[in-house]
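In this chain, numbering begins with 1 at the start of the sequence shown.
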Amino acid sequence: MPYSLIDIGVVQRNAHKSLPNRVVGTVRAVLKEIQDDREQDHELAVSVWAQTDPDMSEQDIEMALLLKAADIVGRVKTSLERSDRPVGPP
């Protein structure tokens, strides 16, 4: 069953409480699953962090969080697609 990422965005972020130059946040990602001509959306909340420096803009920080989340979502998609494959001979 194919899964596709249809939406991703930072929903919350803030400075880490004890580690300087680190931002933590939550990214919302929506995967669409197509199975037997039916579509179903799956909403994921991904906790992420990014190392920052004082020269980074707000957009740079948001992009760093999105890239971390996109990597995690990509691994989740791969795992889901592997688990959907039939086991054994065709």
Side-chain angles (χ1 to χ4, degrees):
M1 285 155 257
Y3 296 86
S4 55
L5 179 65
I6 61 171
D7 189 30
I8 190 166
V10 176
V11 292
Q12 176 278 122
R13 70 179 181 149
N14 53 302
H16 192 279
K17 292 179 181 175
S18 58
L19 296 174
N21 298 324
R22 183 168 289 187
V23 173
V24 294
T26 303
V27 172
R28 175 185 167 272
V30 180
L31 290 177
K32 180 176 290 294
E33 173 187 16
I34 301 173
Q35 178 183 25
D36 300 327
D37 296 328
R38 294 177 304 165
E39 294 182 358
Q40 183 171 354
D41 293 347
H42 303 281
E43 187 171 323
L44 308 172
V46 183
S47 297
V48 292
W49 62 270
Q51 204 63 30
T52 61
D53 63 57
D55 296 333
M56 291 177 78
S57 69
E58 295 297 313
Q59 293 84 5
D60 291 339
I61 295 169
E62 186 165 313
M63 181 59 69
L65 294 172
L66 288 171
L67 288 171
K68 286 264 188 152
D71 179 58
I72 293 167
V73 170
R75 287 183 280 157
V76 168
K77 279 181 49 184
T78 299
S79 178
L80 288 170
E81 288 166 352
R82 279 191 202 135
S83 70
D84 288 343
R85 291 185 193 149
V87 178

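- The two residues A29 and L5 come nearest to each other via the heavy atoms CB-CD1, 4.0 Å.
- For D41, the side chain to side chain donor-acceptor pair (under 3.5 Å) partners at least two apart in sequence or on another chain are K32.
- Partner of V27 under the side-chain contact (heavy atoms from CB on, under 4.5 Å) criterion, out of I72, V73, V10: V10 alone.
- Residue V76 is not grouped with residue V30 when hydrophobic side chains (ILVMFWY) are merged at heavy-atom distances under 4.5 angstrom, including chains of intermediate members.
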Which atom pairs, donor and acceptor, lie under 3.5 Å between side-chain atoms of residues 16-23 and protein residues at least two apart or in another chain?
residue, atom, partner, partner atom, Å
H16, ND1, S18, N, 3.0
H16, ND1, L19, N, 3.0
R22, NE, Q51, OE1, 3.1
R22, NH2, Q51, OE1, 3.2

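- Considering only residues two or more places apart in sequence or on other chains, Q12 meets the side chain to side chain donor-acceptor pair (under 3.5 Å) condition with T26.
- In this structure a side-chain-to-backbone donor-acceptor pair under 3.5 Å is present from D53 to M56.
- Not a single donor-acceptor pair under 3.5 Å links the side chain of S79 to the backbone N or O of R75.
- Between G9 and L66, the shortest heavy-atom distance links the atoms CA-CD2, 3.9 Å.
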request  = Report the C-alpha separation of E33 and H42 in whole Å, then their side-chain angles, then the decisive distance to 0.1 Å, and conclude whether the side chain to side chain contact (heavy atoms under 4.5 Å, CB included) test is met.
outcome  = CA-CA 8 Å; E33 173 187 16; H42 303 281; 2.6 Å; yes
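- Note that OG of S57 is 9.5 Å distant from CD of E62, once rounded to the nearest 0.5 Å.
- Closest approach of Y3 to L80, counting heavy atoms only: CE1-CB, 3.7 Å.
- Across all their heavy atoms, V24 and W49 have their closest contact at CG1-CB, 3.9 Å.
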